Amino acid sequence: MNLHEYQGREILNSFSIETPEGLLASSPEEAVKHAKIIFEKTRKKSLVIKAQILAGGRGKSGGIKTAKNLDEVYQKSKELLGKYLITSQTSGKGKLVKKVLISEDVYISEKKSIVEYYFSILLDRDLERNIIIYSKEGGINIEEKSNIIYTEQIDPILGLQLFQTRRIGFNLGLSKDLLSKFNNFVKILYKAYQYYDSLLLEINPLIINKENKIIPVDIKMVLDDNALFRHKKYANYNENEEINDLEKKAIKYDLNFIKLDGNVGCMVNGAGLAMATMDMIKFCGGKPANFLDIGGSADRERVKNAFSIILNDKSVKTILINIFGGIVRCDTVAKGVVDSYSKRNIKIPIIVRLQGTNEKNAKEILNNSKLPIYYTDSLKEAANKIREILLSL
């Protein structure tokens, strides 16, 4: 699960890592209210208004604005809120800005004396361990301007060692009187990363000002979905603009579902079979409307819920159900499909390929349902039927 910048700040603050003063606003009026507090608390002459969307590249796309007074706060927050922000990491439509972070301006009057760094902790699946990636340069266009990038591998048993944090500090060119403070900062940061079962904790930029204060300015965190049961606050967090209604229902029913831009809905058991099924749909001239893996231990209710999600997708013109019945019985799948479909006045044709446990019983259930279901014995036969249906539309 991707977290917003303000949520990343909340997590670091809970570990006593100080971040810039900031308050979240969902309207221009609320932005002005919070700006008054930030101005009074920091005694600075400007603040920053940051669009809260789950995408990078905000600075280059007008998603981060500076305001010097309350009138500017109102006007510039109004320019962001309720608008779609397009960045290098969004689609052409962009992402809807529903909240802005009113934040302390840590750069004002100190720009020349501030040093920017890049720092991140992430899981390297190839190495099967966490790594730290860091650079002497950070901020906007980090991909273009950073010539030297360092990495530090962390042993999963020994954990982060003192010699490693010291090496990071030396490579960044930190002074001796700052090393101890920086070692403690990295140690706590890694603790926060582990505690929240993170896949990524990225700080860009991480700055050190003229007072040798370490400030994480922009924070990006990604938590492991499989561990969200340990973090209820974020497990129940769903942004309307980031997750569509179908995906919300899938989360509610604990289904592996991803909405795609296609016309053929598919329900499969097993991620590998799902990927092969989607390839087959493309091969026969269709486009997958979703990725939906019901898992290896699906019961009748789970199948019913999964099928209901597909039926609620208005872009779906036909549905392919491709199940290999091992642990999941084919008749269980058939009953779930009939339960969901028979309660709706829908005429979408369904192609079904069920092989394995109780497949004969499943075929009888589907044939007796009198629903527009085409039972096939092979994937090739299913592909031909999909092609025929799509050509007739």
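Keep in mind the model is a prediction, meaning the values are calculated, not measured.
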Problem set entry | Residues clustering with I258 (ILVMFWY side chains joined when closer than 4.5 Å, directly or via others) | L260, M275, M278, F291

For this session: Using the six-membered ring wherever Trp is involved, compare the ring planes of Y150 and Y134 and label them parallel, tilted or perpendicular (cut-offs 30° and 60°).
Result: parallel

For this session: To the nearest 0.5 Å, tell me how far I207 CD1 sits from Y117 OH.
Result: 10.5 Å

Problem set entry | Salt bridge K213-E18, side-chain N to carboxylate O under 4.0 Å | yes

Exercise. Hey, are S26 and E30 close enough side-chain-wise for a donor-acceptor pair under 3.5 Å?
Worked result: yes

Problem set entry | Short N-O contact, D218 and R58, less than 4.0 angstrom | yes

Only pairs under 3.5 Å count here: list side-chain donor-acceptor contacts from residues 66-75, not counting sequence neighbours, and write none if there are none.
residue: N69; atom: OD1; partner: D71; partner atom: N; Å: 3.1
residue: N69; atom: OD1; partner: E72; partner atom: N; Å: 2.8
residue: E72; atom: OE1; partner: K68; partner atom: N; Å: 2.9

For this session: Would you please say whether a donor-acceptor pair under 3.5 Å links the side chains of R9 and S103?
Result: yes

For this session: Kindly state each residue pair satisfying salt bridge (charged side-chain N to carboxylate O under 4.0 Å, His left out) with at least one member in residues 348-371, sequence neighbours excluded.
Result: none

Exercise. In terms of side-chain geometry, is the basic nitrogen of R43 or E104 positioned less than 4.0 Å from the acidic oxygen of its partner?
Worked result: no

Problem set entry | Salt-bridge present (R230, D197; N to O < 4.0 Å) | yes

For this session: Return yes if a side-chain donor-acceptor contact under 3.5 Å exists between N13 and T19, otherwise no.
Result: yes

Exercise. Does the pair E79/K76 count as a salt bridge with the N-to-O cut at 4.0 Å?
Worked result: no

Problem set entry | Short side-chain donor-acceptor distance under 3.5 Å, N130 and Y190 | yes

Exercise. Is any side-chain heavy atom of K317 less than 4.5 Å from a side-chain heavy atom of I348?
Worked result: no

